[in-house]
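Following: one structure in structure tokens, then a few remarks.
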Amino acid sequence: MTAQEIIKKYISFFEKRNHKRISNAPLVPENDPTTLFTSSGMQPLVAYLLGEPHPQGKRLVNVQNSFRAQDIEEIGDNRHTTFFRMLGNWSLGDYFKKEQIPWIFEFITKELGIPSHKLYATVFKGYKDIAKDRESEKLWIDIFTKEGLNPKERIFFYDTKNWWSRAGEPDNMPPGEPGGPDSEIFYLFDTLHDAKFGRQCHPNCQCGRFMEIVNSVFMEYQKEKDGSFRKLPQKNVDHGAGVERLLAAVENQQDVFQTSLFAPIIKAIEKITYKRYQENKKEMRIIADHMAASVFIVESGVLPSNKEHGYILRRLIRRALDNINVIRGFENMMVPTRAISESIIENHKDTDPQLEKDSQRIINTILEETNNYRFVLTRAQRFIKDKYKIGDELKGQVEIDSDDAFFLYSSHGLSPTQIKNLGYVFDEQKFAEKMKKHQRVSRKGASKKFAGGLADHSEKTIMGHTATHLLHQAIRDVLGNRVHQTGSNITTERIRFDFNYDNSLTLDELKKVEEIVNKKILENLPVHFEMLPLKKAKKLGAIGLFDEKYGDKVKVYFIGNYSKEFCGGPHVEFTSKLKKFTIIKQENIGQGKRRIYSKVS
Ligand code: ATP
Ligand code: MG
């Protein structure tokens, strides 16, 4: 069974149970300034889980390409990859535990053919005043009993490990925040427990004998002001399962990197490094993972740089190159990344055909970064050789001052490990102190984004969202209907809005746009949405970015009679909530596009 077949079976299993397939959201989210990458299927659906109606109804299914920068340090074990595909199904206030748990068990055992005796379940044990999840426990007892297995040996209970909310464990949740228990399925491999990870093995032990394959979250609670929890009127199911891990379970292959999806990529790495996987597992896992993630990130339009998405991409490519260099020695800096990229594209093109169409651009972008990095390393070595008067013939380790090591880091973008890999030793304590100081200054506010968060649905961003619709229409009023939005990004501080227009706007034009938006705010127009067939919505003249690929119905937001736009929401109910709209500045962003920064107060 291939990854592609697992995806097809899952989608059709849930379509047969009246779910509507929704599209795979872009890997770089369009309208979510709190995070750099889409890291789960649920992330683009938060507004709907919080109560916004979804145009496709209450039962949804999809496969979501996901990237978790926060898992980067886990790469090297048998089951984590930064890029993976998540199968998701959702109930938005429709079915609940008694449907979800038996369905997912049926899917795994009947559709994928995974034997039931390999499976274990985890259930929420209860935490402080929140009760144990007895309903899930009962469902699992019935399932395992029917299979002739002893439920006492199959069900494990955990407290906060089996709890989900956007803020994490119950204690960290702010008042008003929804959350709930989750129930996971683990697959048991036929390996021995590694005592390094604890006396006894259990599903959440990190030794790799158990692997989490699916997780069903049951959103049923809301935290109250006094810290207690009440049951929500709308209960949701949010289910996620990694395709790569399901494939490992189907193949009874404990190592995700040795499944049929990854094994050919590892072979390509063995070929170019002249080394064997068996002796270089950790490095080759990092190379395979980071290169695969890079291929997908480049495909989504990101270029290596020193900022945000580009920085993560650069770090992935350079870390992969470092590991290639570690296992094959430093004599030859020519790294044929082309062969690895090609193998990744070849092995993923069934599920993601766009990779093949874009293959030359992807391969060349990675090659270019490979060459850039080689240049940086050569320059760094030249700097040290000149300063310390080292001849080319000198081999082995060279001691350098921690100030020089730090200079290499800050001016050449090398990490301490990379500097050590070049053969230089330095006072690491002193280096760490300098780095800490440097990071405090340069990383202000960025940490949350790198950790990967969830869409911000604060009042201020919701106001910004509604203002964007007004701005879009006002720009068309002033500049003509040929002009349309090409992108936007909203934070609590400002609204960034991109559109196609060749010239810079005159002061008069900017003033007019601002006046129109403020007039619509004063008119206190009501905001509402309607679910409409796509054809009808287009006929009505609804505008906006529309990329839903599978739906026959779309959601259109109306602001009085003034604006009609495709949008998922949420929005304010009346425009007067925005009070005042101000344009801050405009910019030319190239390729016939302009950008306006504005704010509401
Ligand atoms: P883990 O504890 O193994 O890191 P998780 O609790 O972070 O997993 P969830 O956030 O519940 O995982 O994601 C749902 C499913 O997505 C998991 O059951 C797993 O199948 C898959 N998954 C999550 N993280 C990864 C990853 N880094 N690599 C591969 N699959 C993953
Ligand atoms: Mg995890």
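Counting starts at 1 for both ligands and their atoms, following the listed order. Computed from a predicted structure; not experimentally measured.
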Nearest heavy atom to atom 28 (N) of ligand 1, choosing from I75, N215, T81, I185, belongs to T81
message: For ligand 1, which is the ligand I care about here, please tell me if R68 has any N or O atom under 3.5 Å from one of the ligand's N or O atoms.
response: yes
Given the options H202, E184, K125, Y158 meets side-chain hydrogen bond (donor to acceptor under 3.5 Å, both in side chains) only with H202
Of K20, K58, R59, the one forming a salt bridge (charged side-chain N to carboxylate O under 4.0 Å, His left out) with D94 is R59
Note: ligand 1 atoms sitting under 4.0 Å from heavy atoms of M86 are 13 (O), 14 (C), 16 (O)
Counting from 1 in the order shown, the ligand 1 atoms closer than 4.0 Å to a non-hydrogen atom of R79 are 28 (N), 29 (C)
**Message:** Any nitrogen or oxygen of E184, side chain or backbone, less than 3.5 Å from one on ligand 1?
**Reply:** no
Of all heavy-atom pairs linking N323 and I286, the shortest is ND2-CG2, 3.6 Å
* Are any of the side-chain nitrogens in D352 or R85 under 4.0 Å away from the carboxylate oxygens of its partner? -> yes
Is A241 close to ligand 1, meaning an N/O of one under 3.5 Å from an N/O of the other?
-> no
In ligand 1, the atoms that come under 4.0 Å of a heavy atom of V214 are 18 (O)
Taking only non-hydrogen atoms of I213 and a 4.0 Å limit, the atoms of ligand 1 in range are 18 (O), 20 (O)
(Q) Using a strict threshold of under 4.0 Å (side-chain N to carboxylate O), is an ion pair present between E220 and K231? (A) yes
Q: Return yes when E244 approaches ligand 1 closer than 4.0 angstrom through a heavy atom, no otherwise.
A: no
**Asked** With only distance considered, is G242 within less than 3.5 Å of ligand 1 through an N or O on each side?
**Response** yes
For the pair K275 and E270, find out whether any cationic side-chain nitrogen is under 4.0 Å from an anionic carboxylate oxygen.
-> no
In ligand 1, the atoms that come under 4.0 Å of a heavy atom of D71 are 24 (N), 26 (C), 27 (N)
| Can you tell me if E74 has a non-hydrogen atom under 4.0 Å from ligand 1? | no
Counting heavy atoms under 4.0 Å, the part of R245 that contacts ligand 1 is side chain
TODO: Using a cut-off of 6.0 Å, state whether more than 12 heavy atoms not belonging to R230 lie near its atom CZ.
DONE: yes
Next item on the list: Just say parallel, tilted or perpendicular for the rings of Y120 and F210, cut-offs at 30° and 60°.
Entry: perpendicular
Closest heavy-atom approach to atom 25 (C) of ligand 1 among Y187, F84, W164 is made by F84
TODO: Identify whether the distance between the nearest side-chain nitrogen and carboxylate oxygen of D159 and K128 falls below 4.0 Å.
DONE: no
